[in-house]
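Every heavy atom of this structure was used, including side-chain atoms; hydrogens, water molecules and symmetry mates were not. All of these numbers come straight from a predicted model, not from anything done at the bench.
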Amino acid sequence: MDGSPDTVDTMRAACLAGPGRFELTDVPRPRPGPGQVRVRLQGSGVCASNIPAFEGRDWFTYPMPPGSLGHEGWGIVDALGAGVDGCRIGDRVAALSFHAYADYDLAAADQLVVLPAALHDRPFPGEALGCAMNIFRRADIQRGQTVAVVGVGFLGAALIQLAKERGATVIAVSRSPSSLDLARRCGADQVVAMDDHQRIIDEVHGLTDGAFCQRVIEATGKPWPLDLAGELTGVGGRLVIAGYHQDGLRSVNVQLWNWRGIDVINAHERDPAVATQGVREAVEAVAEGRIDLSLLVTHTYPLERIGEALQASIERPDGFTKAVVLTGANP
């Protein structure tokens with residue numbers, strides 16, 4: 001049942017009214033239906049997958065629904081729908097929901113993960129961290145392997161930390177000096193500037209005594225780094241596609257992939273139960289110190305400045321890894 005009286009019937013939500021233009025609007029506060037939970041949001045991570053809609057593409061329709069694009073929310077459970085058990089009013093949770101650029105959102109009760117007290121004062125973009133855990137699981141990284149991470153943003157940096165904790169040797173390949181510095185702080189053994197295609201291949205060839213890497217994780221979502229990642233994968237190795245390739249077709253070097261006999265893994269999950277399990281594992285990884293969240297969440301914005309958060313995600317100024325937007329539920 002609803003755990004708090006609806007003395008306020010509206011809430012704020014950010015609406016993407018057109019390319020590059022968010023508007024903050026008052027909309028009805030949602031009520032949870034059977035099996036649903038309402039979360040009084042404290043914030044949401046800003047995902048790179050939001051960028052095409054923010055920039056504008058022919059296939060998007062505007063205005064978008066209030067709060068939409070936000071899918072990395074966390075906050076406090078404040079109302080329960082009929083038949084809900086396993087969580088309580090007042091629990092702080094990470095939620096798999098889809099309109100989290102707002103003060104409140106609804107989520108299925110089985111798509112919440114309760115956050116422990118040890119994480120009570122930290123922003124927690126659970127869906128994004130869960131993605132990192134599921135990518136790591138599907139990469140099947142083993143102690144002693146050499147792993148290349150191509151692209152050191154939020155996902156790449158998290159995966160470097162996890163691979164090092166597993167006991168792998170990590171080569172990080174990225175464009176900007178600040179992202180290479182981030183890779184070093186996350187524990188990368190070697191960093192390689194992403195500039196000239198053949199130079200990178202030659203450098204990694206030298207670093208691995210000609211064997212290349214048993215595991216390569218592509219985390220950019222761009223065509224050239226995907227091609228490069230295949231070149232860095234050794235015979236019988238595994239190429240893990242973690243980047244979000246949703247802006248067009250890709251041409252890939254199947255001849256090389258076939259000759260080297262590599263496994264190619266598309267590490268994107270569409271099963272909500274698997275995604276939720278990833279969030280659960282991420283909570284444990286952060287609480288245990290296997291992921292240092294302070295290296296990953298670098299910029300915060302109030303909901304009123306969500307457009308600036310998206311613009312920063314596009315421009316990636318020095319020191320930027322990931323932005324979160326905070327709502328009125330924060331002090």
Side-chain angles (χ1 to χ4, degrees), residues 48 51 132 135-136 138-142 144-164 168-268 314-321:
I51 291 173
I135 293 163
F136 183 66
R138 295 188 67 178
D140 190 31
I141 293 169
Q142 303 297 321
Q145 290 180 333
T146 299
V147 178
V149 176
V150 180
V152 185
F154 176 87
L155 274 179
L159 289 161
I160 289 169
Q161 294 183 52
L162 291 168
K164 285 302 300 176
T169 297
V170 176
I171 301 170
V173 184
S174 199
R175 286 185 183 275
S176 70
S178 63
S179 66
L180 294 173
D181 178 65
L182 173 63
R184 292 186 189 95
R185 289 185 286 131
C186 288
D189 298 278
Q190 302 285 343
V191 299
V192 177
M194 192 189 295
D195 45 25
D196 179 79
H197 188 81
Q198 190 59 50
R199 189 202 64 76
I200 298 166
I201 295 170
D202 292 344
E203 184 168 350
V204 174
H205 183 272
L207 289 171
T208 58
D209 295 326
F212 290 110
C213 304
Q214 289 101 336
R215 299 289 186 269
V216 178
I217 301 173
E218 181 276 316
T220 70
K222 303 298 182 184
W224 170 49
L226 176 59
D227 186 38
L228 175 67
E231 296 274 8
L232 303 183
T233 308
V235 173
R238 177 171 293 194
L239 169 60
V240 181
I241 302 173
Y244 192 65
H245 292 268
Q246 295 296 307
D247 62 348
L249 300 179
R250 300 289 185 254
S251 296
V252 296
N253 190 349
V254 176
Q255 181 184 40
L256 175 73
W257 294 3
N258 181 261
W259 178 253
R260 292 189 183 174
I262 66 177
D263 295 329
V264 180
I265 303 295
N266 286 286
H268 289 270
I314 295 168
E315 296 174 358
R316 303 189 66 82
D318 281 350
F320 180 93
T321 304

Could you give me the CA-CA distance, side-chain angles and deciding distance for Val192 and Leu207, then say whether side-chain contact (heavy atoms from CB on, under 4.5 Å) is met?
CA-CA 10 Å; Val192 177; Leu207 289 171; 4.2 Å; yes
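- For the side-chain contact (heavy atoms from CB on, under 4.5 Å) criterion with Arg238, the lone passing option out of Thr233, Asp140, Val216 is Asp140.
- Side chain of Lys222 to main chain of Leu226: no donor-acceptor pair is present (N/O by atom type, distance under 3.5 Å, no hydrogens or angles).
- Between Ile217 and Ile141, the closest side-chain pair of non-hydrogen atoms falls below 4.5 Å.
- Counting heavy atoms of neighbouring residues, nucleotides and ligands inside a 6.0 Å radius, atom CD of Gln198 exceeds 12 of them.
- The side-chain heavy atoms of Asp227 and Asn253, taken from C-beta on, include a pair separated by under 4.5 Å.
- How far CG of Leu232 is from CG of Leu228: 4.5 Å, rounded to the nearest 0.5 Å.
- Between the side chain of His205 and the backbone N or O of Phe212 there is no donor-acceptor pair closer than 3.5 Å.
- One finds the CZ atom of Phe154 at 9.5 Å from the CG atom of Leu159 (value rounded to the nearest 0.5 Å).
- Nearest heavy-atom pair, Val191 versus Ala183, reported as atom, atom and distance to 0.1 Å: CG1-CB, 4.0 Å.
- Closest approach of Ser174 to Ser179, counting heavy atoms only: OG-OG, 2.8 Å.
- Contact annotation: the side chain of Thr208 approaches that of Ile171 to within less than 4.5 Å [non-hydrogen atoms, C-beta and beyond].
- Asn266 meets the side-chain contact (heavy atoms from CB on, under 4.5 Å) test with Ile241; sequence neighbours excluded.
- Checking each of Asp195, Asp202, Asp196 against Arg199 for a side-chain hydrogen bond (donor to acceptor under 3.5 Å, both in side chains) leaves exactly one that passes, namely Asp195.
- For Arg260 (side chain) and Glu231 (main-chain N/O), a donor-acceptor pair under 3.5 Å exists by modelled atom type.
- In this structure, the separation between CD1 on Ile160 and CZ on Arg184 is 11.0 Å, given to the nearest 0.5 Å.
- When every heavy atom of Ala229 is checked against every heavy atom of Leu239, the shortest pair comes out as CB-CD1, 3.6 Å.
- Between Ala163 and Val170, the shortest heavy-atom contact is CB-CG2, 3.8 Å.
- Between Trp224 and Met194 there is a side-chain heavy-atom pair separated by less than 4.5 Å.
- In terms of heavy atoms, Ala172 sits closest to Val152 at CB-CG2, 4.0 Å.
- In summary, the side chains of His245 and Glu218 do present a donor paired with an acceptor at a separation below 3.5 Å, with no hydrogens or angles considered.
- Residues Ala158 and Ala132 share a closest heavy-atom pair of CB-CB, 4.0 Å.
- Atom CD1 of Ile135 is separated from atom CG of Leu162 by 10.0 Å, given to the nearest 0.5 angstrom.
- Atom CG of Asp189 is separated from atom OG1 of Thr146 by 8.5 Å, given to the nearest 0.5 angstrom.
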